[in-house]
Every structure is written in structure tokens, then in C-alpha cells.
Enquirer: 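I'd like to ask some things about the structure below.
Each residue takes its place number in the sequence, starting with 1.
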Amino acid sequence: MTEPMDIDSESRGTKRTAAEADLPLLQAPRRIKALDQDVVNKIAAGEIIVAPMHALKELMENAVDAGSTSIEVLVKDGGLKLLQITDNGHGIDRDDMSILCERFTTSKLKAFKDLESIGTYGFRGEALASISHIAHLKVTTKTAGSSCAWQAHYADGRLVPAKPGQSAEPRPCAGRGGTQITVEDLFYNIPTRRRAFRSASEEYAKILDVVGRYAVHCTGVAFSIKKHGDAGSGISVQANASTVDRIRQIHGSAVGNELIDFNIEDKKWGFTASGWTSNANYHVKRTMILLFINHRSVESSAIKKAIEQTYSIFLPKGGHPFVYLSLEVEPNRVDVNVHPTKREVHFLNEDEVIELVCNEIKTKLAKVDTSRTFLAQSLLPGVNIPTIQTPNRNDTNGESPQPERRSSAPKTPATTKKPYENNLVRTDSKMRKITSMLPSAGAEGSPAQPASGTMEGMTYEITNREPVQIRLTSIKTLRGQVRDAMHEGLTEVLASHTFVGLVDERRRLCAIQAGVKLFLVDYGLISNEFFYQVGLTDFGNFGRIVLDPAPKLIDLLMIGAEAEVENAKQEGSKEVQANASHIAQAVHKQLLSRREMLSEYFSIEISEDGELKSLPLMLKGYMPSFAKLARFLVRLGPFVDWMDEQECFQTFLTELAAFYVPEQLAATGKATASAEGADDDLSKRRKQLTWSLEHVLFPAFRARLVATEGLLRGVVEVANLKGLYRVFERC
């Protein structure tokens, strides 16, 4: 028997209180208290009125809502010292002046449901209240039925006397019809905010921009703005001026002489769009977009990005357009209450609306493309001007424009330095492409477009059903996960790329150009992420691919199950115990029990007799490989979590995306000469896939794909023009 282990008799630790150990005592938890109302109002005012331009925007919108036909603005020190707006609208009733600057007092909204049909600029009743908490506010107004004007002063949302000892009630005075609002000493009680403004001239420039936007949009309303003490006006537009005249007066004759109008209406998506956009003869260094949604000046990065991509094929590199776009969407499709300053709004089916608007602009630009008077691409060294100027289109007038261009070319002075050769980006389609050097690119030239992109027995079904608004928390969460995983650099590369060609259809590799860099991309990996994102954005609103005649679901499941079992046996898997028949029956029962959900959310229609009527159409012009259909259906059983809603949608869309990913094609060779029929089908599919990649899939990637960090492993930079020049210089 072993001896007992020695143990110290003294205790190694003694419990003591914090006071005995000279430790700081823990403070009691802070109690939650309601903020003082004055603090609440100042916080709200700071969110709504961020700068003088926001105060002016709110006051101008109120003036337009009041039916004004003339608006005059007076500014001193960038609006911080004085901001005065005078209109000739309906005016304010004397009895309403006591509550004019209280929060949430408005004449435009009564119930929350009225937001669904709101047609005015203002609706919350917070603009004047917010201004009164951070500035000295004076209102002078006269209605048509009043014998005199009334003047009142406000502070912290309440009436205050003009001078100490006087009454705070509105007092009569002389004045013209309409309303004059004077804002003095903006942010006088928020010194931190006031010191944040850089200069008065910068704030005045922002105010000019706001007034200029509304002056272009609000036809029938005269606008004028000037600095305090100046005789001339910064902007002066007459009420009877047309939209083109307004653009010409505010933005200059250079853009005013190069405008084309566009109009589009779509009852299915419930919108009407109109506006003016510059043609291919005009371009500037920055995109200028005057965007109005339901007559409200807003910003939209999605619309701006889509318009820039539309113009990228018409303007030279570095050139940007001018666009004035007025978009009217049905009020019940718009949510205007999403931003404190109303700078942003959300509406249903944004992607579809933006696509239709950009297509209309592209059509208009293509019609006037013959009027271009300059070269869109930089001349490469050693290229003669006459060869570049030779047009590829037939001259309908029977006269060649080359002599006129050659005679006018020497008269144009060189205003910029000649760019270095390693900075030139070649995108001229008339020059030789890299695909002509690759044997895997198939026949010379681009393959002809398939008749309809469909296979035998497949037809498109066009329906007039209304789009469904998806409010499921699970779908919103999955969309948020995609946004959180976004990689900005790769997204920018794919959004501005130029498709070069198909490199290897067996390994699913394509080459794309972005700027002066050449990339090799795994289009299988990118397609998988793209179709997963399409599944999230179009969830519940897929088109339908009608199968005629409709195959039996159990037959397809049997084919898929037998293939899966055979693959598992070849791989030596010991987990496969059930036979193909049992697997097919189990999946068949699972899908039949959920056929209503499959039809509603995924456009997969299964009849009561077990016939597969339709499949989801995820991208127009592209048809997936139906050789993968049986495997897709059989995997819906074991690989989809049908018990949890979010997991169900995520796993289902993952399988659906895998079904839509272009398949790997076998390499062609002399050994397959005996199988002429198989070679014909393979050759046909190769041409169809090559055309779809260049004209359908990659344009869709450029327009809609949010590149996530997981796609980095599928994109490799293979060449950089600047790097190649360094190599050649060393040689």
C-alpha cells in the first residue's frame, strides 16, 4: 500500500470581501430614465436638418405643396446666418399658426394608411418643428381670404415674442399673398455642428445644387436664388420655361444642346418614367443624375450604377453622362418613410423597373448613334486615322462622312496630354479578339444565337399575374447574409468587366478584362452564387418553364436515384443501404406533400397524378441542362431541410442554383468520331453555351451579381498591362 501524499496544512486561499482586499467597489447599475423633451427634440432636429441645404429642401417642398408658382431664396453665409424662402402659395391660416411648429402637425396626413397613397412632399410635420429647435424662425403669411398678413416668431416649437415684453401671439402686418419663412443663426445652440462646416461657399454650392434640381423638375414654377447683398442671382428660371431650357440655364448649353428625351410606361410593374439624357456627343468626368421618384429628389446607387453601365458602350473610358429621370411609381408600391431626410425611398421590383428604364435609354442612344462627331476610343499607336474612321454601317445618304472628319480633325486642339500606352484599354470590337487564338473557342467568330434558347418540347409561358411582395423574415435574413459577405473589389471588377471569351468548357473557365487587367474566372462557381442570389431576389416571383408533355415525377426520380446509387457504389461508400426504388418513392412522397409550397414559392408545379408540369425560369434567354434534372429532383429529398423555414429555403435554393449552373462539357477529339450523333449534340450544346455565356450570363453577372468573398478562389489575375510593360522594358 502506497504512502499518503503530503498535503500542506496551511490554506492556500482565504475568501475576503472586496473592501478587505482594497478592491474598488462595483457601482450600482444605472437606472433607465426618460430623456427630457427638449433633448429629444434637439436630437430629432439634428437628424432631420443636417445642413442648411436640408432645411432649404424641406421649406422648398412645403412651398411646392402649397401650390406656389414662384419661389425666391435668399442666402447669407451659406445659409448659416440667414436662409429665407418666399413663395406665392396658399398661405397659412391665422388659427393654425399657434401649432405650426409643433412636432407631428401636418395638413397632409391623417392616418397611417394614408402613407400608402401619399402624393405630397411632406407628411410627417417635423420640418418647421426641427428648424425652430436649432434656429431663430420667423413666419410671415397671408391667405387669399385674409385682409392682412400675419407674422409670428418661434423657438423650441412654440410661439415666442419678437422682443421681450411683447405678446407672443401672431401680429398683423403688411405682406403679399403666400408665405415667407426666415431662418436665422442656424445651429446657434449646437456649436459642434456649426463648427463642422468648412466654408460658407461650400454650403452655398450645395444649396445651389438643391435649388437647381427642383428648378429642373418643377415645371410651371419660377425659381430664383441669390446671396444677401448681391445684385445678381445664382439661379433664375422663369415659370414658363421648358425642361430643356431649365437644364440649359442651370447646367449650361453644352449639355442642353445634346439632350434626348425618353418615356416608358409599364402597367405590370406599375410605373411611368420620363426624362432627358445626354447623347453620345456629351460626356463629363462625373455622372450627373437628377433623380426624382414620385416628384421627390432622392439618391439611388443602384440606378446610378445601372445607368453608368448602360453608357459604358457609348462613351469613351472615363466619360460619364447627364441624366434627368422622373420616375412615378404607384404610391402603394413605394415606402417613403425610410430615411430621416427622405433622401432615399424603397419601391417594389426595383431591379425590373431599372432594367426597363435602362433598356429604353439604350434604345434611344442607339437611334441617335449616327450623329456622333468624335471618336469614342483612344487611337492606338501606329493606327492611321482614315482606317479607324471608316464606318461599319451602310451610309443611307450615299455620302461618306470621312472627308468631313479628316478636315475637322486638325482643327481640334489637343487639350490633354497623350496617355501612356500602358494605360490604354482596348475595347474596340473591330480588332482581333483573344478567342481567335484559342482552339477551344469553337468555330471562327461568335456562334449564331440559338433560335429561342430552348430545347425541343420546351416553351415559355407568359402570365399576367401580379408580383408578390415577400416579407418573410427568413428570406430577408438570407439576403442580409449575402450583403454582409460582399467583397467590394471583386464586385467592382465583375460590374465593369468586358467578356473576352471561353477558355476551357471542361474546366468551366472564361477570360474577362477589367481595366488593364486580364482575369481567368471559374464561371461555374460564379454561376452558382449568381443563381442563388437570383433565387433570393426573385423568391416567389419566378417565371415558369412549362414541360410539354409533362413527364412522370417518379420516372425522373428513379433515373436520378439509380445514378446516385451507382455513383456511391463506384466511390466505395458504405452508407448506401436502400435501393433506388425506395429512395425514389420516399422523395416522391415528400415532394407531393409539399407541392402547393413548391408551386407558390418556386414555380415547380406537380399535378395530383404526379406529373411534373413546370420548373422555375430564373434567367431569360438561358436554359439549364436538362440532363441534370433527375439528379436535381432526387437531391431535394435528403439534401433539403424541410423542418426549418430558413434552412429549407437556403438548402432548396442551393440545389436549384446547382441545377442552373452550366455543365462541364467533354473535350472533343478524334477518338469520338464513331459517335456522330453524340458529337452533333455536344457541338450544338457547346455553341449554345458559348453564346449564352457571352450574351446572357456574363451581362447578367455585370448587372446583378453581388460578389462574395467565397468567389475570390474562382478569380485569378493572369495579366496586367502595366506589369507586362515593365517586363518588356527590362528586356
Enquirer: On a heavy-atom basis, which atom in His320 and which in Leu315 lie closest, and how many Å separate them?
Expert: C-CD1, 3.7 Å

Enquirer: So Leu615 and Phe626, side chain to side chain contact (heavy atoms under 4.5 Å, CB included) or not? Walk me through it.
Expert: CA-CA 11 Å; Leu615 293 171; Phe626 281 84; 3.7 Å; yes

Enquirer: For the residue pair Phe539 and Tyr601, is the inter-centroid distance of their aromatic rings smaller than 6.0 Å?
Expert: yes

Enquirer: Could you tell me whether the side chain of Leu325 reaches within less than 4.5 Å of the side chain of Ile303, counting heavy atoms only?
Expert: yes

Enquirer: Answer yes or no: is there a donor N or O on one side and an acceptor on the other, between the side chain of Arg483 and the main chain of Val706, under 3.5 Å?
Expert: no

Enquirer: Looking at the rings of Tyr523 and Phe530, which for Trp means the six-membered one, are their centres under 6.0 Å apart?
Expert: no

Enquirer: Please name the pair of heavy atoms, one in Gln249 and one in Ser236, separated by the smallest distance, quoted to 0.1 Å.
Expert: OE1-O, 3.0 Å

Enquirer: Quick one: are Leu656 and Met618 in side-chain contact, heavy atoms under 4.5 Å?
Expert: yes

Enquirer: Yes or no on salt bridge (charged side-chain N to carboxylate O under 4.0 Å, His left out) for Asp538 and Arg704, after CA distance, side-chain angles and deciding distance?
Expert: CA-CA 12 Å; Asp538 295 351; Arg704 299 184 61 178; 3.4 Å; yes

Enquirer: Ring pair (Phe, Tyr, Trp, His ring centres under 6.0 Å) with Tyr622: which of Trp691, Phe698, Phe531?
Expert: Phe531

Enquirer: Would the Phe292 and Tyr214 ring centres measure less than 6.0 Å apart?
Expert: yes

Enquirer: Identify the heavy atoms of Leu711 and Ile526 that sit nearest to each other, and give their distance.
Expert: CD2-CA, 4.2 Å

Enquirer: So which heavy atom on Ile250 is nearest to which on Ala215, and how close?
Expert: CD1-CB, 3.6 Å

Enquirer: Under a 3.5 Å distance rule, please check whether Tyr311 uses its side chain to pair with a backbone N or O of Thr287 as donor and acceptor.
Expert: no

Enquirer: With a 3.5 Å distance limit and no angle check, can you tell me whether Asn294 reaches the backbone of Arg296 through a side-chain donor-acceptor pair?
Expert: no

Enquirer: Quick one: does Met623's side chain get under 4.5 Å of Ile545's, heavy atoms only?
Expert: yes

Enquirer: Does Asp209 pair with Lys206 as a salt bridge, N-O distance under 4.0 Å?
Expert: no

Enquirer: Pair Glu663, Lys628 - check salt bridge (charged side-chain N to carboxylate O under 4.0 Å, His left out), show working.
Expert: CA-CA 8 Å; Glu663 72 279 15; Lys628 301 163 61 177; 5.6 Å; no

Enquirer: Yes or no on side chain to side chain contact (heavy atoms under 4.5 Å, CB included) for Cys510 and Val500, after CA distance, side-chain angles and deciding distance?
Expert: CA-CA 8 Å; Cys510 274; Val500 176; over 6 Å; no

Enquirer: Under 4.0 Å between a side-chain nitrogen and a carboxylate oxygen: does that hold for Arg508 and Asp504?
Expert: no

Enquirer: Gln469 and Arg471: side-chain donor and acceptor closer than 3.5 Å?
Expert: yes

Enquirer: For Glu328, does its backbone N or O pair with a side-chain atom of Thr272 as donor and acceptor, under 3.5 Å?
Expert: no

Enquirer: Nearest heavy-atom pair of Ser603 and Ser614: which atoms, and what distance?
Expert: O-OG, 3.1 Å

Enquirer: What I'd like to find out is whether the side chain of Phe322 reaches to under 4.5 Å of the side chain of Leu290, using heavy atoms alone.
Expert: yes

